[in-house]
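Structure first, then comments.
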Amino acid sequence: MRYISTRGSAPELGFCDALLAGLATDGGLYVPQSWPRVTPLATSNYAHQAAHIMQAFVGDEIDAAVFSQLCDEAYSSFRHPDVAPLVQIGPEQYLLELFHGPTLAFKDVALQLIGRLFDHVLTQRNQRVMIVGATSGDTGSAAIDGVKHCSNVDIVVLYPNGRVSDVQRRQMTTVESPNVHCVAIDGTFDDCQDLVKAMFNDAPFRDANSLSAVNSINWARVMAQTVYYFTALQSLGAKASFSVPTGNFGNVLAGWIAKQMGASIDKLVVGSNSNDILTRFFDSLAMSMQPVVPTLSPSMDIQVSSNFERLLFEMNNRDGSATAQQLQRFRTNGELMVEPDQYSTWITPTFRAHRSTDSETLAVMKRMYNEHKMLVDPHTAVGIAAAEEFAVRGTPMITLATAHPAKFPDAVEKATGVRPGLPEHVADLFERNERIVNLPNDLQAVEAFVASHHS
Ligand SMILES: *Cc1c(COP(=O)(O)O)cnc(C)c1O
């Protein structure tokens with residue numbers, strides 16, 4: 001399987017190079033040359049199914065037995081025997097619980113595998129990388145946990161000092177591995193992101209320190225997320241629609257890809273919070289940027305849905321230069337329009353979108369508790385609100401539950417009066433030692449820190 005860039009002018013790569021590259025050299029995102037059709041195995045073992053479904057994307061670049069072993073290891077870090085259990089909450093309503101991994105959010109599903117894939121490929125190539133990232137909470141902890149056992153990966157994560165929750169911070173700062181470094185920056189999340197971008201744009205620095213990234217546009221992350229659409233449908237035994245709380249369009253794009261691969265998915269419902277660039281696009285055919293506002297579902301507080309570029313590439317019939325031009329105009333004017341026929345071909349048959357305000361999110365959490373004695377996290381609640389708007393009799397609706405309620409205890413307590421407890425495997429989180437370095441919002445200081453930890 002070869003990988004091509006959505007902007008049409010970067011070299012084609014194989015799976016392992018696309019994995020390590022993340023972003024293509026023309027600024028585009030890698031996608032497979034074609035969408036493989038896959039028939040799931042008759043197994044309820046998540047790791048086996050994952051290895052089978054993803055093998056079509058990995059091809060012969062990684063030995064099938066080795067890849068299967070990596071999947072076994074990645075998914076044995078999940079605390080539920082089904083890895084991603086499907087739970088019924090109403091006559092045709094289900095939750096797919098994706099939060100049983102080490103850091104209690106769905107990002108573990110991809111990042112537990114990616115850490116192991118990186119280490120395998122780097123070991124074979126006798127290379128070492130320094131992963132550098134900025135986080136507003138969930139990505140940093142999942143990335144750190146994914147690479148903490150790697151022998152050829154160091155990681156530096158920048159987070160805004162005082163602006164992530166205690167659970168999120170401790171999930172990053174209490175990891176004891178010597179290759180893990182958490183840096184509290186005196187600034188905002190945007191400042192952290194700007195520092196990371198500046199380090200990647202500093203070519204001599206980037207090359208001297210072998211910088212790498214595992215952000216949500218990495219193809220392997222999207223790939224790993226296609227698997228649970230198949231396993232959910234398999235445990236349901238029927239065609240279904242999915243409701244997906246999303247900001248970057250990564251998780252719902254994985255559903256669209258699963259549908260291209262043959263999964264019997266009817267509709268894909270996009271759940272946004274007040275940062276509703278996707279919902280506004282689906283209502284108006286126009287994508288326009290607006291400032292980010294903080295909400296109760298912070299992991300979806302984003303301005304631009306970077307993974308949408310992969311769908312846009314399809315909407316342009318895989319014309320990379322047309323996609324690049326469209327995105328160039330978006331950056332210049334802050335607006336991106338699609339043609340009505342593109343919209344009716346690609347969007348109308350499959351996608352629906354719903355926006356939840358914080359008060360609707362709280363109301364859903366409260367109702368889930370009153371009616372089902374179930375605590376749900378605010379991101380999942382955004383998904384449930386969207387699922388309810390587009391429920392159609394006769395078609396089951398599966399909402400992706402993207403975080404454990406204990407990851408966002410303040411919001412859960414505000415809605416229900418109940419403070420969720422941490423699950424057993426992380427119950428001692430508040431007793432563990434923290435390791436944090438404080439740095440000013442200053443590129444030189446951060447680069448000096450990274451360079452001193454590059455081995
Ligand atoms: C990251 C995250 C999301 C959004 O994921 P996308 O990649 O934007 O689809 C939703 N919920 C939680 C809990 C997250 O951590």
Side-chain angles (χ1 to χ4, degrees), residues 29 84 95-112 114 133-146 159 164-165 167-168 171-172 189 214-226 228-229 242-258 268-279 281 292 295-311 351 353 356 361 364-365 375-387 399-412 420:
L29 313 189
L95 287 185
L96 183 64
E97 294 183 351
L98 301 174
F99 51 69
H100 294 283
T103 73
L104 312 179
F106 88 97
K107 292 184 173 69
D108 289 327
V109 177
L111 286 164
Q112 285 294 312
I114 284 191
T135 188
S136 55
D138 290 349
T139 306
S141 54
I144 285 172
D145 208 281
Y159 70 88
V164 302
S165 76
V167 173
Q168 288 175 324
Q171 283 182 329
M172 296 190 279
F189 171 58
V214 288
N215 37 25
S216 71
I217 53 89
N218 192 301
W219 161 252
R221 280 183 67 172
V222 178
M223 170 186 83
Q225 291 168 207
T226 62
Y228 45 69
Y229 287 90
F242 285 85
S243 173
V244 187
T246 190
N248 254 319
F249 202 70
N251 215 358
V252 70
L253 176 78
W256 182 84
I257 293 169
L268 289 164
V269 183
V270 173
S272 314
N273 62 27
S274 303
N275 299 293
D276 59 346
I277 185 165
L278 288 168
T279 312
F281 172 72
V292 176
T295 72
L296 291 173
S297 41
S299 302
M300 310 197 302
D301 290 348
I302 59 101
Q303 193 183 18
V304 179
S305 304
S306 41
N307 259 303
F308 187 75
E309 180 166 341
R310 290 189 162 108
L311 185 65
F351 291 100
S356 296
T361 305
V364 169
M365 292 162 81
L375 299 176
V376 296
D377 104 284
H379 304 80
T380 304
V382 168
I384 293 171
T399 299
L400 302 195
T402 51
H404 191 286
K407 193 142 193 182
F408 298 94
D410 295 337
V412 174

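We count ligands from 1, going down the list as the structure has it; atoms in each ligand are counted the same way. All of these numbers come straight from a predicted model, not from anything done at the bench. Computation of the quantities below employed the complete heavy-atom set of this structure, encompassing side-chain atoms and omitting hydrogens, waters and symmetry-equivalent molecules.
- Heavy-atom minimum distance, Met172 versus Thr135: SD-CG2, 3.7 Å.
- Residue Gly247 has at least one N or O atom closer than 3.5 Å to an N or O atom of ligand 1.
- Atom 6 (P) of ligand 1 has its closest protein heavy atom at Thr246 OG1, 3.6 Å.
- Both the backbone and the side chain of Asn248 come within contact range of ligand 1, each with a heavy atom under 4.0 Å.
- By the 30° and 60° cut-offs, the orientation of the rings of Phe308 relative to Phe281 is perpendicular.
- The Gly250 neighbourhood of ligand 1 comprises atoms 7 (O), 9 (O), with distances under 4.0 Å to a heavy atom of that residue.
- Residue Asn251 has at least one heavy-atom neighbour below 4.0 Å for each of these atoms of ligand 1: 9 (O).
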Inset, instruction - Apply side-chain hydrogen bond (donor to acceptor under 3.5 Å, both in side chains) to Asn275 and Asp301, showing your working. - result: CA-CA 6 Å; Asn275 299 293; Asp301 290 348; 2.9 Å; yes

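- The protein heavy atom nearest to atom 11 (N) of ligand 1 is Thr402 OG1, 2.8 Å.
- With contacts defined as side-chain heavy-atom distances shorter than 4.5 Å, the pair Met300/Ser272 does not qualify.
- With a 4.5 Å cut-off on side-chain heavy atoms, Thr103 and Ile144 do not count as touching.
- By the 3.5 Å distance cut-off applied to N or O atoms, His379 is not counted among the residues near ligand 1.
- Contact between Pro245 and ligand 1 is present, with at least one heavy atom of the residue lying under 4.0 Å from the ligand.
- Atoms of ligand 1 lying under 4.0 Å from any heavy atom of Lys107, numbered from 1 in the order shown and given with element: 1 (C), 2 (C), 3 (C), 14 (C), 15 (O).
- Under the 4.5 Å side-chain criterion, counting only non-hydrogen atoms from C-beta, Phe408 is not in contact with Thr380.
- With sequence neighbours excluded, the residues forming a salt bridge (Lys or Arg N to Asp or Glu O under 4.0 Å) with Asp276 are Arg280, Arg355, listed by chain and number.
- Contact between Phe106 and ligand 1 is present, with at least one heavy atom of the residue lying under 4.0 Å from the ligand.
- Considering both main-chain and side-chain atoms, Ser216 never comes within under 3.5 Å of ligand 1 through any nitrogen or oxygen pair.
- Polar contact check, Asp377 against ligand 1: no nitrogen or oxygen pair lies under 3.5 Å apart.
- Side-chain contact check for Arg310 versus Ile257: every heavy-atom pair is 4.5 Å or farther apart.
- Close contacts between ligand 1 and Ala403 involve ligand atoms 13 (C) [criterion: under 4.0 Å to a heavy atom].
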